[in-house]
Protein chains: 2
Amino acid sequence: MKDITPQQQKVLDCIQVYINKTGFPPTRADICRELGFKSPNSAETHLRALEKKDFISIESGASRGISINNPEIKHEGNEYPIVGLVAAGSPTLASENVEKVLNCPKGFFGSDFDYFLRVRGLSMKDAGIMEDDLIAVKKTQEIKNGDIVIARIEDEVTVKYFQRSAPNIVHLKPANEEFNDIEVNLEETELYIEGKSVGLIREN
Amino acid sequence: MKDITPQQQKVLDCIQVYINKTGFPPTRADICRELGFKSPNSAETHLRALEKKDFISIESGASRGISINNPEIKHEGNEYPIVGLVAAGSPTLASENVEKVLNCPKGFFGSDFDYFLRVRGLSMKDAGIMEDDLIAVKKTQEIKNGDIVIARIEDEVTVKYFQRSAPNIVHLKPANEEFNDIEVNLEETELYIEGKSVGLIREN
DNA sequence: AAATATACTATATATTTATACAGTATAATG
DNA sequence: CATTATACTGTATAAATATATAGTATATTT
């Protein structure tokens with residue numbers, strides 16, 4: 001796969017999030033609204049770049065004719081991918097990150113979810129989340145204070161409690177005295193919320 | 001809500017197939033082309049009917065703003081009882097103790113198991129076992145030191161680490177500093193091992 | 001018998017949307 | 001140093017699209 005620029009990654013994520021949220025792809029104007037661009041041509045040029053690099057396909061002439069190419073692994077039926085260590089900059093569900101799949105009935109955790117994340121480290125120990133546990137992750141941007149989120153800060157993936165302290169300040173709080181809070185200033189640092197935890201499985 | 005006419009089913013299938021094929025929903029004209037209609041209003045009225053019956057959602061004003069509402073819910077695998085507070089003297093799996101059943105594929109936890117136990121209290125907190133968690137219990141007498149066991153001492157059910165200290169002395173150790181070890185002298189006290197924990201599920 | 005839902009054709013139109021064209025600016029490349 | 005890629009604003013417009021309105025016809029329900 002070719003290299004993607006940070007802005008192009010943002011646009012690609014934006015398309016994925018939009019599709020997850022609405023069920024259909026965004027227009028150029030939608031992308032501008034989401035990312036703060038003021039000209040539809042900003043979106044257009046990014047889309048053309050993403051198409052050239054083969055990340056997306058664009059159906060010429062059709063409205064909303066965007067589809068994502070390197071399709072994230074779909075859980076068909078009841079198979080959910082188990083994602084381990086996520087390589088820096090790599091889309092979470094890219095096939096190289098999937099260690100195996102787990103068969104799990106729909107509605108198992110009350111809420112829908114998208115994949116399992118294998119936990120590394122003990123930073124959420126006091127929330128009963130231990131090393132090697134599998135967290136059921138729902139890809140969503142709808143996060144409330146106190147939710148356990150899967151966050152990406154500068155290509156590092158981490159599981160923490162989410163707390164928005166001010167419009168531009170987010171605290172990612174561990175559940176373990178030996179770890180420190182992570183304060184994220186959204187104006188300085190890019191924070192991407194992959195989703196939130198809706199359940200947990202421990203195999204032993 | 002439930003009943004769908006054959007034509008409406010055709011339109012619904014058409015939408016699903018179109019999304020699978022292209023990655024984005026069809027326009028009215030696309031549906032007409034696929035199904036041989038000659039007026040876009042044929043598609044429109046079917047879409048409105050499907051929306052009214054809650055099979056799809058339509059984003060007003062947006063092109064291709066169709067999303068499918070009801071994903072298929074399949075029931076496969078096996079039903080396992082969830083056991084809550086076990087009344088004194090009552091057989092664990094008696095029907096009055098089963099709060100509900102949970103559908104869970106065979107081999108989910110590597111090992112077979114027999115039922116889920118809903119955890120009360122925080123005595124195993126440091127082992128990542130929290131209140132309301134579901135422990136997958138395998139009914140067995142083959143216990144090794146260090147296993148997490150479900151034990152019954154004089155009609156009280158408890159979850160603890162198992163440690164045999166002497167032929168007739170068993171220690172049931174909590175994973176929480178605020179709780180004390182339970183020392184059981186098998187000559188004095190009756191100890192029944194229900195089984196051991198082979199997995200854990202948390203719904204949140 | 002009347003009202004309602006289904007199942008279409010046909011035409012019209014306001015709005016949405018993709019996309020081209022004209023610029024500005026910066027960083028990397030060869 | 002010219003070229004190319006990135007990263008934008010701003011404006012314009014042809015084409016795509018949703019959707020309303022006007023009909024026809026059949027079956028089902030009240």
Practice problem: With sequence neighbours excluded, give me every salt bridge (charged side-chain N to carboxylate O under 4.0 Å, His left out) pair touching residues 170-185 of chain A. | Solution: none
Quiz item: What is the distance, rounded to the nearest whole Å, between atom CG of B:Asp30 and atom P of D:dT17?
Solution: 7 Å
Quiz prompt | A:Phe108 ring center near A:Tyr80 ring center (under 6.0 Å) | solution = no
Quiz item: DNA chain C: A:Ile66 or B:Pro6, which has the more 5' nearest nucleotide?
Solution: B:Pro6
Quiz item: Can you tell me if CD on B:Gln141 sees more than 12 non-hydrogen neighbours from other groups inside 6.0 Å?
Solution: yes
Self-check item: Heavy-atom side-chain contact between B:Phe37 and B:Glu44 under 4.5 Å
Solution: no
Quiz prompt | Side chain of A:Gln7 - closest among D:dC8, C:dA7, C:dT19 | solution = D:dC8
Self-check item: Whole-Å gap separating P (D:dA20) and CD1 (B:Ile58)
Solution: 11 Å
Quiz item: Are OP1 or OP2 of D:dA5 and a side-chain N or O of A:Gln8 less than 4.0 angstrom apart?
Solution: no
Exercise. Calculate the interatomic distance between B:Ile31 atom CD1 and D:dT19 atom P; express it in whole Å.
Key: 12 Å
Quiz item: Counting any heavy atom closer than 4.0 Å, what does A:Ala29 reach on the DNA or RNA strands: base, sugar-phosphate only, or nothing?
Solution: nothing
Exercise. Please examine the side chains of B:Gln9 and B:Leu12, heavy atoms only from C-beta on, and report whether any two atoms are closer than 4.5 Å.
Key: yes
Self-check item: Shortest side-chain distance from A:Arg28, nucleotide among C:dA7, C:dT19, D:dT17
Solution: C:dT19
Practice problem: Round to the nearest Å and state the distance from A:Phe24 atom CZ to D:dA18 atom P. | Solution: 11 Å
Quiz item: Which angle, rounded to 10°, do you find between the first-five-pair axis and the last-five-pair axis of the helix from C:dA1-D:dT30 to C:dG30-D:dC1?
Solution: 30°
Quiz prompt | Cationic N near anionic O, under 4.0 Å, B:Asp147 to B:Lys196 | solution = yes
Self-check item: Distance, rounded to the nearest Å, where B:Glu59 contributes CD and C:dT16 contributes P
Solution: 11 Å
Quiz prompt | Integer-rounded Å distance: C:dT19 P and A:Arg64 CZ | solution = 14 Å
Quiz item: Going by heavy atoms closer than 4.0 Å, what residues in residues 35-50 of chain A are next to DNA chain C?
Solution: A:Pro40, A:Asn41, A:Glu44, A:Arg48
Self-check item: A:Lys53 side chain, from C-beta outward: closest of C:dT17, D:dT17, D:dT6
Solution: D:dT6
Quiz prompt | Phosphate-side-chain proximity, B:Thr27 and D:dA16, N/O vs OP1/OP2 below 4.0 Å | solution = no
Self-check item: Selection from C:dA18, D:dA7, C:dT19 that lies nearest to any side-chain heavy atom of A:Ser63
Solution: C:dA18
Practice problem: Taking the side chain as every heavy atom from C-beta outward, state whether A:Met130 and A:Val119 have any atom pair closer than 4.5 Å. | Solution: no
Practice problem: Give a yes or no on whether a salt bridge exists between A:Lys139 and A:Glu194, defined as a side-chain N under 4.0 angstrom from a carboxylate O. | Solution: no
Quiz item: Judged by atom type as modelled, is there a donor-acceptor pair below 3.5 Å linking the side chain of A:Asp13 to the main-chain atoms of A:Lys10?
Solution: no
